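Structure first, commentary second.
In this text, all values refer to a predicted model and were calculated from it rather than measured experimentally. First the proteins, then the strands, lettered A, B, ... as listed; each starts at 1.
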Protein chains: 2
Amino acid sequence: MFIKIDFQSETPIYLQLRNQIIEGIAKGHFKPNDSLPSVRQLASDIGINLHTINKAYNLLKSENYIAIDRRKGATVLPLMDEPDMAFVDDLKKTLNTLIASSICKGISKDDFLTICSKIYDNFREEM
Amino acid sequence: MFIKIDFQSETPIYLQLRNQIIEGIAKGHFKPNDSLPSVRQLASDIGINLHTINKAYNLLKSENYIAIDRRKGATVLPLMDEPDMAFVDDLKKTLNTLIASSICKGISKDDFLTICSKIYDNFREEM
DNA sequence: ATATCTGTTATATATATTATATAACAGATA
DNA sequence: TATCTGTTATATAATATATATAACAGATAT
């Protein structure tokens, strides 16, 4: 597992975990049906409490990134081929704020789209 | 003032305020040197505590969106024409997570760029 | 069978964040 | 002088974050 927690960050640990696991799935480091480490294993690896891992896993489950089975543990769900509306609505709201701040900070539309394009390519090239 | 607070939202009030003010600046509803309502006035309008407004204003000040003067109150700063590095770094990190989740949810690069492009145009057409 | 591995649940504690309520102060201004 | 700024201080309450221990139920490998 390539999880790096920044304990100085203002982003809560369980959210850093969630984000890095999502990035791992998008990068293909975690394939569909792959098992994630058990909550105890990962907690011990990172040196944090198992409930913090559990909170991240349950959040990922509620967002449909992983499934949790009492026997097998947490497993990665297949990527979607059709986006669901609720996600797109959330995405648009987040992007609205992000783009507003970018406009204030002098980032042109082209600059912004170029940044996004490069990030997208970073994910794709490793799959 | 066109501030709408969702008291059911999990996003803290002071952050909803911050975001909507940034969106107001980006849309040109607030022009450079415009005064924002006083903390007491806005608190009374929305029906929340003045310290919550103060927290939002001071956050906006620390992020260089507004200036706060003891006499004139809070005023909108001019938009930047050159982005600063710290902001771009933050933006890239946020976009990295957002794009990772979008990939998992089946949103293609073209879909994503089109959404961003439209949001950018929404801001521009009102200026 | 027994030991060991899952997630899950419960309880308790500590700290930080968010939001409110009151009050007072200093400076500018009408 | 009264009134408007932001600012500071104190107190309180609710919620969120993180940890610590312990125990339970189900699956599994030896």
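For B/Ser35, there are no side chain to side chain donor-acceptor pair (under 3.5 Å) partners at least two apart in sequence or on another chain. Remark: A/Ser44 pairs with no residue by the side chain to side chain contact (heavy atoms under 4.5 Å, CB included) rule, at least two apart or across chains. Contacts of A/Phe87 classified as ring-ring contact (aromatic ring centres under 6.0 Å, His included), with partners at least two apart in sequence or in another chain: none. Judged as a side chain to side chain donor-acceptor pair (under 3.5 Å), and not counting sequence neighbours, the contacts of B/Asp69 are B/Arg71. For A/Asn49, the side chain to side chain donor-acceptor pair (under 3.5 Å) criterion is met by A/His51, not counting sequence neighbours. Evaluation of the side chain to side chain donor-acceptor pair (under 3.5 Å) rule for B/Lys55 yields no partner, not counting sequence neighbours. Residues passing the ring-ring contact (aromatic ring centres under 6.0 Å, His included) test with B/Tyr65: none are found, sequence neighbours excluded.
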Between the protein and nucleotides 8-12 of chain C, list the N/O to N/O atom pairs that are separated by less than 3.5 angstrom.
residue, atom, partner, partner atom, Å
C/dT8, O4, A/Arg40, NH2, 3.4
C/dT9, O4, A/His51, NE2, 3.3
C/dA10, N6, A/His51, NE2, 2.7

Output a table of nitrogen or oxygen pairs between the protein and nucleotides 16-18 of chain C separated by less than 3.5 Å.
residue, atom, partner, partner atom, Å
C/dT18, OP1, B/Tyr14, OH, 3.1
C/dT18, OP2, B/Tyr14, OH, 3.1
C/dT18, OP2, B/Lys55, NZ, 3.1

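Listed by first and then second residue, the ring-ring contact (aromatic ring centres under 6.0 Å, His included) pairs involving residues 91-118 of chain B are A/Tyr120-B/Phe112 (not counting sequence neighbours).
Hydrophobic cluster membership of B/Met85, counting Ile, Leu, Val, Met, Phe, Trp and Tyr whose side-chain heavy atoms lie under 4.5 Å apart directly or via other members: none, as it forms a cluster of its own.
Rounded to whole Å, the distance from CG on A/Asp69 to P on D/dA25 is 18 Å. Rounded to an integer number of Å, the gap from A/Leu17 CG to D/dT17 C1' is 13 Å. For B/Asn49 and D/dA13, the CG to P distance is 16 Å, given to the nearest whole Å. B/Ile48 has its CD1 atom 11 Å from the P atom of C/dA21, to the nearest Å.
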- Message: Only Watson-Crick and G-U wobble pairs with both distances less than 3.5 Å should count. Give DNA chain C in dot-bracket notation, marking inter-strand partners with |.
- Response: ||||||||||||||||||||||||||||||

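Few gaps surround CG on A/Asp34; more than 12 heavy atoms of other groups in view lie less than 6.0 Å from it.
Between B/Ser38 and D/dC4, a side-chain N or O to OP1/OP2 separation shorter than 4.0 Å is absent.
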